[in-house]
Amino acid sequence: MWLSYLRKYDPVVAQIILRELERQRYTLELIPSENFASVSVLEALGTILTNKYSEGYPGRRYYGGNEYVDMIENLAIERAKKLFKVPYVNVQPYSGTPANIAVYLACCEMGDTIMGLDLRHGGHLSHGWKVSFSGRFYRSVPYHLNEDGYIDMDEVWKLAEEYKPRIIWCGYSAYVRKFPFKEFSEVADAVGAYMVADIAHIAGLVAAGLHPSPTPYAHIITTTTHKTLRGPRGAMIMITEKGLEKDPELAERIDKAVFPGVQGGPHDHVTAAIAVALGEAMKPEFKEYAKQIVRNAKRLASELISYGYKLVTDGTDIHLMLVDLTPISIGFGAIAQEALELAGITVNKNTIPNEQSSPFYPSGIRLGTPAITTRGMREKEMSEIAGFIHRVLQEVSHYSLPPKGRRSFIKKIREELSQNNTIKEVREDVKKLCERFPLYPELR
Ligand SMILES: *Cc1c(COP(=O)(O)O)cnc(C)c1O
């Protein structure tokens with residue numbers, strides 16, 4: 001039985017985990033940064049490797065007893081090198097944000113200028129947003145999207161030439177088109193900056209060849225391992241041949257920045273699970289999976305457009321899309337997220353380009369297909385899901401956010417909608433769809 005010891009010795013924790021398993025099983029997970037790791041990945045995570053201290057790197061550790069941990073870490077590194085065609089990899093960052101912190105530490109002095117896409121336009125917190133360390137300790141010069149939702153390369157050129165940044169980030173959390181690695185490498189080369197590709201979201205698509213690789217263009221590549229790559233929560237920093245040409249000591253500096261710069265002992269159980277996920281990503285089945293992610297996203301996008309919704313850039317090239325709900329009302333993303341959650345459809349509210357509301361009550365929602373594709377859903381199911389979303393949004397379209405008292409307003413509509421019959425019906429239909437695509441049948 002799954003969790004048999006935990007159920008016996010700490011039933012309180014076990015019951016909460018089992019309830020979360022039920023939630024994952026019977027809801028539609030459309031958050032584009034989430035996925036369902038394989039049972040093999042889960043098994044590797046739950047091992048005795050968590051007991052070990054192994055500060056340092058394979059062959060040069062501060063503690064004894066690292067014979068097998070070295071084997072695990074070297075295996076993860078070798079697989080990542082092969083998959084992403086890079087000469088150097090560090091697999092120790094605890095997550096995407098710490099990986100990016102290590103890049104700053106390796107490449108910048110405090111107060112140096114950095115450039116990333118504005119958070120509200122789809123960039124990541126760690127690329128210079130004002131409340132993050134990256135916006136507080138470095139001089140952040142953000143770039144933006146055009147009116148049409150594509151990156152404004154003219155602005156990127158202008159800012160880069162004017163401010164001469166040390167680092168230019170090309171990598172996004174809510175950008176729906178191909179990442180322009182080549183164009184960014186031209187800018188970075190022209191001004192002598194490090195070009196860092198952050199492929200946290202698209203790593204699985206890059207690994208499978210469904211999105212162009214940044215390897216020929218970037219100096220450094222950072223990624224999480226838990227999004228489209230479908231591994232454990234973790235991250236990697238890779239250095240390309242181009243990066244080593246620019247700076248032959250870059251690898252050493254990145255290693256030092258990760259440990260002892262920003263981290264202590266590596267999470268060896270996670271490293272093992274990363275090795276497993278990378279092994280999976282090398283198989284032909286994973287390529288099929290990645291193809292289906294994109295096909296599903298394109299179908300979901302076109303169905304939503306046919307219901308009359310406005311999508312940023314009118315579609316998607318990758319695994320996610322942004323629905324601009326401004327035509328319903330400004331700030332409607334926050335209402336949509338609540339209503340969809342009650343119907344068993346998990347999405348996240350998101351700012352849209354030229355947002356007229358705030359990041360906490362934005363006007364859009366972000367939808368992605370990696371998790372539902374892992375369950376085996378295909379184009380036909382995407383059409384069904386678009387129909388569910390439309391039924392829910394139609395039902396709540398008369399609500400609009402008041403200028404004040406927004407928190408209590410959201411609470412009030414949540415109570416009202418929990419009694420709503422249409423939402424209850426959609427909830428039932430969502431459950432039936434989920435039952436047709438069983439999640440973790442092995443875990444019982
Ligand atoms: C998710 C993400 C990260 C950070 O990942 P965490 O593991 O949540 O710290 C970094 N960069 C981008 C572009 C992301 O989408």
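Every number for a ligand or one of its atoms is a count from 1 in the order of the listing. Index from 1, following the sequence. Just so you know, these numbers use all the heavy atoms, side chains as well, and skip hydrogens, waters and symmetry mates.
Cation-pi geometry between K349 and F360 is met: the NZ or CZ atom falls under 6.0 Å from the ring centre, inside 45° of the normal. Stacking of R375 on the aromatic ring of F437 is not recorded, the 6.0 Å distance cut-off and the 45° axial limit not both being met. In this structure, R230 forms a cation-pi arrangement with Y289, its terminal cationic atom sitting closer than 6.0 Å to the ring centre and no more than 45° off the ring axis.
In summary, of the residues considered (R407, R414, K411), a salt bridge (charged side-chain N to carboxylate O under 4.0 Å, His left out) with E338 occurs for R414 alone.
In this structure, atom 2 (C) of ligand 1 lies nearest to the protein heavy atom K227 NZ, 2.5 Å. With respect to atom 7 (O) of ligand 1, the closest heavy atom belonging to the protein is S95 OG, 2.4 Å.
The aromatic rings of H267 and Y94 sit parallel, their planes meeting at an angle under 30°, below the 60° perpendicular limit.
Every atom of ligand 1 is numbered from 1 in the order shown, and the set under 4.0 Å from a heavy atom of H226 is 7 (O). Taking every heavy atom of D198 and a limit of under 4.0 angstrom, the matching atoms of ligand 1 come to 10 (C), 11 (N), 12 (C), 13 (C). Interface atoms of ligand 1 facing S173, defined by a heavy-atom separation under 4.0 Å, are 12 (C), 13 (C), 14 (C), 15 (O).
Under 4.0 Å from ligand 1, the heavy atoms of T224 that appear belong solely to its side chain. Neither the backbone nor the side chain of R233 has a heavy atom within less than 4.0 Å of ligand 1.
Atom CZ in R120 sits 11.0 Å away from atom CG in N354 (nearest 0.5 Å).
Checking only distances, G96 does come within under 3.5 Å of ligand 1, N or O to N or O.
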